[in-house]
Every structure is written in structure tokens, then in C-alpha cells.
Amino acid sequence: MGVQERLTLQAIAEPTLIAAEHLHRYEFAAPLCHGLRVLDLCCGSGYGAEILAERAESVHGIDYDAATVDLAAATVGLGAGITFELADATAFLRGDLSRRFEVIVCFEGLEHLPDVEAALGELRRHAGEGIAVIASVPNSRGVGEENEFHRTDFGHAEAQAAFAGFPGGVVLEQYLAEGSLIVLPEASDFDARLHGLERAEPHYANHFLLACGQAAERLGDAHGGRAQLAMAPNYNRYMRSLERANTELRRRNTQLARGLLGKGDSAAPSYVKRAEQRLAELAAAQKENAGLREELDRRGRKLARLEDELATVRAEAARTTSSKWGGAGLIGRVERRLRG
């Protein structure tokens with residue numbers, strides 16, 4: 001799958017699916033943070049802090065990238081009740097946060113941390129002290145994502161294990177869903193009906209979310225879905241681009257095939273015939289080589305027998321020097337056989 005990290009304010013404003021799912025998480029969390037002091041952990045460019053600030057009393061975003069934090073402070077940070085700070089997420093969590101924050105939001109940040117278990121341990125500690133936690137991780141394993149920026153690849157089982165131990169924790173799945181939308185003139189909202197929920201497969205969700213503490217208690221007030229008209233044109237445009245790419249791929253494959261076989265398809269039979277002739281030649285050569293190896297083996301065995309015979313005669317000649325042929329004559333006879 002494609003990789004896009006640190007969505008900029010410009011990217012989040014584009015009518016794309018990745019922007020929709022990122023915005024949806026914060027729109028989901030905003031009513032859960034109503035009137036509360038919020039820590040936006042791994043806040044990125046700050047678009048999420050701005051959404052949370054519409055409902056929260058205050059939002060403080062932290063991120064470890066200096067350029068990102070500076071830009072967020074110079075743009076989103078100009079809004080009331082929104083501040084940003086350069087800090088390491090895990091180190092920040094080790095502090096005493098109970099006097100400053102009532103909710104910790106961490107969307108798509110845990111998978112980037114070098115020591116995710118340490119961060120999860122600190123989040124569980126804060127949850128035990130009464131701070132609500134709202135977090136999410138991508139289902140990298142389930143959707144086959146290969147992301148060079150991720151230190152941990154979560155799947156359904158890994159997400160369940162990561163979110164275990166949070167008091168009153170509720171694990172939710174986020175899906176990219178298909179639907180139908182009929183647009184009325186000047187319409188600003190619509191009534192949606194959910195169908196096919198029984199076919200939802202958690203192992204193939206796009207993201208997993210955790211809500212615990214006050215956030216879990218307020219789940220009934222959460223924003224349930226997000227749809228934007230741009231999704232349909234994007235989908236249709238994407239499918240058309242795939243069709244064009246497939247057409248171009250077929251054309252290039254045809255060109256490559258003709259380059260290998262000849263100037264036209266009529267060259268294929270002659271190419272096949274030449275290949276078959278070459279295979280027949282190789283088979284004949286292999287058969288001839290097999291015959292030569294067999295002859296060499298036969299001669300080798302004969303030579304070994306004669307050498308054994310010579311060794312026996314030498315031993316016999318050493319014991320006697322008088323015979324019909326004489327010892328030296330007998331040895332000479334065998335040696336002449338060897339040379340022959």
C-alpha cells in the first residue's frame with residue numbers, strides 16, 4: 001500500500017479517503033472531549049487539535065518534529081485554547097499529567113514510537129489515575145501495509161493486546177465503507193442507514209480505536225460516520241486511472257513480446273521452430289556425452305583390473321626367480337598388456 005505520513009494542512013483539506021479517515025477520528029473524539037483539558041499526543045500538523053478545540057476547554061499538542069511543531073504553532077496555534085510543544089511522546093508521558101489534562105488523545109502515533117510498550121504502560125498508568133484515553137493504531141498487518149516509518153506493525157491481535165489493561169476500555173474498528181448518496185439541492189446533511197454490519201471483519205478493519213474512562217462513557221455522543229461527495233469522484237477517477245494503466249501495460253507487453261519474437265506475430269512459429277531444433281541438438285549432445293562417459297567408465301574398470309594383475313605378478317616374482325618365463329619375463333609380459 002502507499003505510504004503518506006504527517007498529513008499537512010493542505011493535504012488534510014484535499015477530498016481524499018486518507019484525509020477523510022484522519023478527520024473522522026478527530027470528529028469522533030471531539031464530543032468525547034467536550035469541556036475537558038486535552039493532550040493531543042503526536043499531534044502532527046495540528047489539524048486534529050483544531051477539531052478537538054471546537055468542543056474541548058483547551059488542547060495542548062506535542063510532537064517530536066521541530067519544523068512540524070513550529071508550523072502548527074504559527075497556523076493552528078493562533079486559535080484560542082490551542083498550544084503546541086516540542087517533546088518526545090514517551091518522555092512526556094512519564095511526567096505527572098493529572099493536574100494538566102483530563103483526556104489524552106493519540107491517533108496514529110503509537111506505531112511510530114521506538115518503545116511502544118513503555119508508552120502503553122504510561123498510558124495505562126494515567127488511565128488508572130482517572131485520565132481518559134482515546135487512541136488509534138493502523139491495521140498494518142491486516143491490510144498488508146509496508147511503512148518504513150512504523151516501528152511496530154499492528155494487526156487485530158496486536159491491537160487487542162496493546163489496548164488490554166485499560167480500565168473500562170472499549171475497542172472499536174474503523175472501516176472505509178462504500179455507500180450510495182443522492183444529493184438534494186443545497187443539502188448540508190443526510191439521513192444514513194447502516195447495512196451489512198454483520199459482515200464486518202475486525203481482522204480487516206483499517207484502524208483500531210480505544211476509548212476508556214470518561215471517553216468510553218460518552219461514546220453515545222460520538223460522531224458515528226463521515227461521508228463526503230468527493231469520495232465517489234475519487235473512486236471513479238481511481239478506477240479509470242487503473243483501466244488506463246492496464247491498457248498501457250498490455251500495450252507495452254505486446255511491444256516487448258514482438259521485440260523478442262520478431263517484427264510481427266508471424267515470426268512466432270519460426271522462433272518456436274528454432275527453439276525446438278536447438279533443444280533437439282542439446283538432447284543429442286547430451287546422449288553422445290552419456291555414451292562417452294560410459295566408454296570411459298568401461299576402460300577405467302579394465303585398467304584397474306590390469307593394475308591389480310600387475311601387482312599380483314610383482315608379488316609372485318619377488319618370491320620366485322625361476323619359472324617357465326622367469327620373474328622378469330612375466331612382469332614384462334604384463335606391462336606390455338597394460339601398454340596395449
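Bear in mind the structure is a predicted one, so any value in this text is a computation, not a measurement.
Of the inter-residue distances, the one linking L93 atom CG with L113 atom CG reads 8.5 Å to the nearest 0.5 angstrom. Note that the CZ atom of R250 and the CG atom of N253 stand 9.5 Å from one another [nearest 0.5 Å]. To the nearest 0.5 angstrom, D115 atom CG is 7.5 Å from E117 atom CD. If you take CG on L123 and OG1 on T90, they are separated by 8.5 Å, rounding to the nearest 0.5 Å. Within the model, atoms NE2 of H156 and CD of Q160 stand 4.0 Å from one another, a figure rounded to the nearest 0.5 Å. Here the straight-line distance linking atom CG of L9 with atom CD of E14 works out to 12.0 Å at 0.5 Å rounding.
Using a 4.5 Å cut-off between side-chain heavy atoms of Ile, Leu, Val, Met, Phe, Trp and Tyr, with links allowed through other members, V133 and V103 fall into different hydrophobic clusters. A continuous path of hydrophobic side-chain contacts links V105 to V76 [ILVMFWY only; heavy atoms under 4.5 Å]. A continuous path of Ile, Leu, Val, Met, Phe, Trp and Tyr side chains, each step under 4.5 Å between heavy atoms, connects L23 with V38, placing both in one hydrophobic cluster. Hydrophobic clustering places I82 together with L32 (ILVMFWY residues linked when any side-chain heavy atoms are closer than 4.5 Å, directly or through intermediates). There is a path of hydrophobic side-chain contacts, each under 4.5 Å, that joins F166 to F154.
Every residue two or more places apart in sequence or in another chain that forms a side chain to side chain contact (heavy atoms under 4.5 Å, CB included) with S58 is listed here: R37.
Summarising the geometry of G169 relative to C212, their closest heavy-atom pair is CA-CB, 3.7 Å, with the distance given to 0.1 Å. Closest approach of A211 to A216, counting heavy atoms only: O-CB, 3.5 Å. For A49 against Y26, the heavy-atom pair with the smallest separation is N-CE2, 4.4 Å. For C43 against G61, the heavy-atom pair with the smallest separation is SG-C, 3.7 Å. G44 and D63 make their closest contact through N-OD2, 3.0 Å (heavy atoms, listed as atom of the first residue, atom of the second, distance). Smallest separation of non-hydrogen atoms from A215 and A132: N-CB, 3.8 Å.
Using cut-offs of 30° and 60° for the angle between ring planes, the H150 and H112 rings count as perpendicular.
Within 6.0 Å of CD in Q10 there are 12 or fewer heavy atoms belonging to other residues, nucleotides or ligands.
Put simply, the side chain of F208 does not reach to within 4.5 Å of the side chain of Q174, judged on heavy atoms. Here the side chains of T8 and Y47 are not in contact, with every heavy-atom distance at 4.5 Å or above. The closest side-chain heavy-atom distance from V69 to L71 is not below 4.5 Å. Annotation: side chain of R251 is not in contact with side chain of T247 (no heavy-atom distance under 4.5 Å). Residues L97 and I131 are in side-chain contact: their nearest non-hydrogen atoms beyond the backbone lie under 4.5 Å apart. You'll find the side chain of L219 reaches within 4.5 Å of the side chain of V170, heavy atoms only. Counting heavy atoms from C-beta on, the side chains of F101 and L36 never come closer than 4.5 Å. Contact check for L41 versus F107: no side-chain heavy atoms found under the 4.5 Å cut-off.
In this structure a side-chain-to-backbone donor-acceptor pair under 3.5 Å is present from E158 to G155. A donor-acceptor contact shorter than 3.5 Å links the side chain of R124 to the backbone of A164. Side-chain atoms of R218 come within 3.5 Å of backbone N or O of H34 as a donor-acceptor pair. A donor-acceptor contact shorter than 3.5 Å is absent between the side chain of N139 and the backbone of H207. In this structure, the side chain of S45 engages the main chain of L7 through a donor-acceptor pair within 3.5 Å. Checking side-chain atoms of E173 against main-chain N and O of N206 turns up no donor-acceptor pair under 3.5 Å. Between the side chain of R141 and the main chain of D153, a donor-acceptor pair closer than 3.5 Å is present.
Each of L209, L172, L110 was scored for a side chain to side chain contact (heavy atoms under 4.5 Å, CB included) with S136, with one residue passing: L209. The only option from D40, L52, I51, V59 that meets the side chain to side chain contact (heavy atoms under 4.5 Å, CB included) definition with C33 turns out to be L52.
Taking 4.0 Å as the cut-off between side-chain N and carboxylate O, R125 and E129 count as a salt-bridged pair. Using a 4.0 Å cut-off between a side-chain N of Lys or Arg and a carboxylate O of Asp or Glu, E111 and R151 do not qualify as a salt bridge.
With no hydrogens or angles considered, a side-chain donor-acceptor pair links H60 and E85 at under 3.5 Å.
Here side chain to side chain donor-acceptor pair (under 3.5 Å) pairs that include residues 68-78, with residues two or more places apart or in two chains, are D65-T68.
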